[in-house]
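Count residues from 1 along the sequence. Predicted model only: the values in this text are computed from it and were never measured.
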Amino acid sequence: MASAGSAPEPEVSTVTVRPIAETIGIRKDQHIDIAARASSLHAGNTGLRGYRLRHRALPGRDLADVSLRTPVLGRELDAPLLVSCMTGGTPRAREINERLALAARDHGVAMGLGSGRALLADPSLLPTFRTAARPPLLLANLGAVQLRLGLGPDHAEHLVDMLGADGLVLHLNPLQEAVQPGGDTAFGGVAERIGAVVDRLRPRPVIVKEVGSGLAPDDVTALVAAGVAAVDVAGAGGTNWASVEGQRDPRAGQVAAAFADWGWPTARAIRHASAPARSAGVEVIASGGITDGVEAAIALALGATAVGVARPFLLAALEDRVDEALGVFLDQLRIAVWLTGHGAPSLLSPADLVEA
Ligand SMILES: Cc1cc2nc3c(=O)[nH]c(=O)nc-3n(C[C@H](O)[C@H](O)[C@H](O)COP(=O)(O)O)c2cc1C
C-alpha cells in the first residue's frame, strides 16, 4: 500500500518480530483494563476547573447559530475534537477501534490510532487498526523512542501508508517507559530523529504528543524547531501512565508511587505551549484529563486549537456508547461557546476566562 514514489517497504522479518507483536498485544489488552480503573487517574487535577468561562445572559445569537466547524491539520472537521490515540493489535482493540471510528466519522471529528509498532512487525494485524468507518482525519501513531531503536522514517511512512492515514502522531512517554520493567528509555537524540520523520512525511502532518505528563516550554520550542505540524500537550490530570504500569508489576508499582502527581497540569501546559507554537503556525492540541465540553471550551480559551480525549471515550467504547458520549460532549461544547457570547470555538480567548 505504499504510495507512488515512496521508499520501498522496509524489510521487517516476521519470523523474528512476530513474538514482539504478540508480547505487545498482551500488554495492550492489559492497558485497556487497567486504564479503565479509577486507580489509574492522576493524583492531581488538570487545573482547567481553576477557570470559569464568563457567562453571558445575553449570548447575542440563537444556539442554532453556533457552528463548531473548525479546520484541524488541513481538514475541515465538524468540531475541534480528536479521539486520542489508544489501541490496536488485538481482537479486543479491533472492537474498540470499530466503535471509536464509527462515532468519530458520524460526528465528523478526528481519531488517532494506537501505536503501530506491532502492526509494522505483523501486517496481519491491519484490521485491528483500520476499520470500515473512516473518520475525516485519521492519524497513525508510533512511540518516538522507537526512532532510536531500529525504526526510522521509512517505517513511519510505511505505517501511514498501510493505514491510509492522513498523518502521524509520535508519542513521548519517558515516565511510562522508565517505570515499566524493561522499558525503552533511550531518549537521547529523539528530537533530531523526529525532524527526519517530519522531512520524510511532508506534506503529511506529524504531531508530537505526551501521554499524560505534559510538554515543557523547552519541549515545545524543540518540537517547533523540528518542524512538527502540531503539539499535543497531553498534560497531567487524567490517565497517569506511571500508575498504569505500576499496576502491571509489583516493583514498578513501588517506583510509580512517587509519580502519582507528576507532570505539567494540562491547563498550565496549554498556556505555555500556545504562544511559541501558534506564533510559528503550529497547532496546539489540548489533552490530558479533559472529561467534558466545558473543560474543552476552557482549554480552547487558554490557547488550544483543538482538544483530545482518550480515557473517557475508552470507557464509552467498553460500554458501546461512544456515539452518545461524543454527542453529549459536543452539545456541552456548543452550549459553552454560545453562553460565552461566541458563534465559533475558534473565537474563544483568555479574555473569556475568569478565575474560579
Ligand atoms: C488504553 C489507552 C491506551 C493508550 N495508548 C496510546 C498509544 O498507543 N499511543 C499514544 O500516543 N497514546 C496512547 N494513550 C494515551 C492517550 O492518547 C492520552 O494521551 C492519555 O491517555 C491522556 O489523555 P486522557 O487523560 O484523556 O486519557 C493511551 C491511552 C489509553 C487510555
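More than 12 heavy atoms of other residues, nucleotides or ligands shown are found within 6.0 angstrom of CZ on R37.
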Test salt bridge (Lys or Arg N to Asp or Glu O under 4.0 Å) applied to R52 and D352, step by step | CA-CA 8 Å; R52 274 172 193 273; D352 295 310; over 6 Å; no

Starting from the C-alpha separation in whole Å, work towards a yes-or-no answer on side chain to side chain contact (heavy atoms under 4.5 Å, CB included) for L348 and L302.
-> CA-CA 8 Å; L348 289 163; L302 284 170; over 6 Å; no

Verdict with supporting geometry, V160 and L201, side chain to side chain contact (heavy atoms under 4.5 Å, CB included) | CA-CA 9 Å; V160 171; L201 285 183; 4.2 Å; yes

Derivation and outcome, side chain to side chain contact (heavy atoms under 4.5 Å, CB included), residues E245 and D249 | CA-CA 7 Å; E245 293 300 341; D249 177 87; over 6 Å; no

K209/V231 under side chain to side chain contact (heavy atoms under 4.5 Å, CB included): CA gap, chis, key distance, verdict | CA-CA 6 Å; K209 73 190 281 281; V231 291; over 6 Å; no

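Taking all atoms of both residues into account, the shortest heavy-atom contact from A277 to V284 is CB-CG2, 3.5 Å. Of all heavy-atom pairs spanning V307 and A299, the tightest one is CG2-CB, 4.2 Å. A310 approaches S84 most closely through the heavy-atom pair CB-CB, 3.8 Å. Closest non-hydrogen pair, A336 versus L53, comes out as CB-CD1, 4.3 Å. Closest heavy-atom contact between G164 and L138: O-CD2, 4.5 Å.
The distance from atom OG of S349 to atom CG of L300, rounded to the nearest 0.5 Å, is 11.5 Å. Rounded to the nearest 0.5 angstrom, L113 CG and L119 CG are separated by 9.5 Å. Rounded to the nearest 0.5 angstrom, L68 CG and R334 CZ are separated by 4.5 Å. If you take CZ on R105 and CG on L326, they are separated by 13.0 Å, rounding to the nearest 0.5 Å. Rounded to the nearest 0.5 angstrom, R54 CZ and L353 CG are separated by 10.0 Å. Rounding to the nearest 0.5 angstrom, the gap separating the OG1 atom in T90 from the CD atom in E22 is 12.5 Å.
Without hydrogens or angle criteria, R311 side chain to A35 main chain gives a donor-acceptor distance under 3.5 Å. Side-chain atoms of T131 never come within 3.5 Å of backbone atoms of E98 as a donor-acceptor pair (strictly under, hydrogens ignored). The main-chain N or O of M162 is found under 3.5 Å from a side-chain atom of R130 such that the two form a donor-acceptor pair. In terms of modelled atom types and a separation under 3.5 Å, the side chain of T128 and the main chain of P91 share no donor-acceptor contact. In terms of modelled atom types and a separation under 3.5 Å, the side chain of H107 and the main chain of D78 share no donor-acceptor contact. Judged by distance alone, with hydrogens and angles left aside, the side-chain atoms of R94 form no donor-acceptor pair with the main-chain N or O of F129 at under 3.5 Å. Between the side chain of N240 and the backbone N or O of S243 there is at least one donor-acceptor pair closer than 3.5 Å. Remark: side-chain polar atoms of R99 are paired, donor with acceptor, to backbone N or O of A317 under 3.5 angstrom.
Hydrophobic clustering of Ile, Leu, Val, Met, Phe, Trp and Tyr side chains at less than 4.5 Å, counting indirect connections, unites L223 with I270. The hydrophobic clustering, which links ILVMFWY residues whose side-chain heavy atoms are closer than 4.5 Å, places L170 and L175 apart. Both L333 and V294 sit in one connected hydrophobic cluster of ILVMFWY residues. Membership requires side-chain heavy atoms under 4.5 Å apart, directly or through other members. Following chains of ILVMFWY side-chain contacts shorter than 4.5 Å, one cannot reach V211 starting from W262, and the two form parts of different hydrophobic clusters. By the rule that hydrophobic residues join a cluster once side-chain heavy atoms approach within less than 4.5 Å of another member, L125 and I96 end up as members of one cluster.
In summary, E157 and R204 engage in a salt bridge, as defined by a charged side-chain N under 4.0 Å from a carboxylate O. Ion pairing between a basic and an acidic side chain is recognised when a charged N comes within 4.0 Å of a carboxylate O; D154 and R200 show such pairing.
Counting heavy atoms from C-beta outward, P80 and T305 have side chains that stay 4.5 Å or more apart. Put simply, the side chain of V72 does not reach to within 4.5 Å of the side chain of L82, judged on heavy atoms. Between P136 and E76 the shortest side-chain heavy-atom distance does not fall below 4.5 Å. A heavy-atom distance below 4.5 Å is found between the side chains of I207 and L139. At least one side-chain heavy atom of N97 sits less than 4.5 Å from a side-chain heavy atom of T87. Using a 4.5 Å heavy-atom cutoff, the side chains of D166 and R75 are in contact.
For the ring pair (Phe, Tyr, Trp, His ring centres under 6.0 Å) condition, the pairs that include at least one residue of residues 214-247, sequence neighbours left out, are H31-W241. The salt bridge (charged side-chain N to carboxylate O under 4.0 Å, His left out) contacts involving residues 25-35 comprise D33-R92, where partners must be two or more places apart or lie in separate chains. Residue pairs meeting the side-chain hydrogen bond (donor to acceptor under 3.5 Å, both in side chains) criterion with at least one partner in residues 282-293, sequence neighbours excluded, are R49-D292, D232-S287, T291-E295.
The ring-ring contact (aromatic ring centres under 6.0 Å, His included) check on F313 picks up F329, with sequence neighbours excluded. For Y51, the ring-ring contact (aromatic ring centres under 6.0 Å, His included) test picks out no residue, with sequence neighbours left out. The side-chain contact (heavy atoms from CB on, under 4.5 Å) search around A104 returns V83, V109, M111, P135, not counting sequence neighbours. For W338, the ring-ring contact (aromatic ring centres under 6.0 Å, His included) criterion is met by no residue, not counting sequence neighbours. Checked against side-chain contact (heavy atoms from CB on, under 4.5 Å), S346 has the following partners two or more places apart in sequence or in another chain: A344. For S40, the side chain to side chain donor-acceptor pair (under 3.5 Å) partners are Q247, not counting sequence neighbours.
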Could you give the side-chain donor-acceptor pairs of residues 58-67 under 3.5 Å, partners two or more places apart or in another chain?
residue, atom, partner, partner atom, Å
R61, NH1, G341, O, 3.1
R61, NH1, H342, O, 3.4
S67, OG, R69, N, 3.2

Can you give each donor-acceptor pair under 3.5 Å made by side-chain atoms of residues 141-153, sequence neighbours left out, with the distance rounded to 0.1 Å?
residue, atom, partner, partner atom, Å
N141, OD1, H171, ND1, 2.9
Q146, OE1, R117, NE, 3.4
Q146, NE2, D184, OD2, 3.1
R148, NH1, A186, O, 3.3
R148, NH1, G188, O, 2.7

For residues 212-220, run the donor-acceptor check on the side chains, cut-off 3.5 Å, and write out each pair with its distance to 0.1 Å, sequence neighbours left out.
residue, atom, partner, partner atom, Å
D219, OD2, A216, N, 2.8

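Here the two rings, on H272 and W264, have centers that are under 6.0 Å apart.
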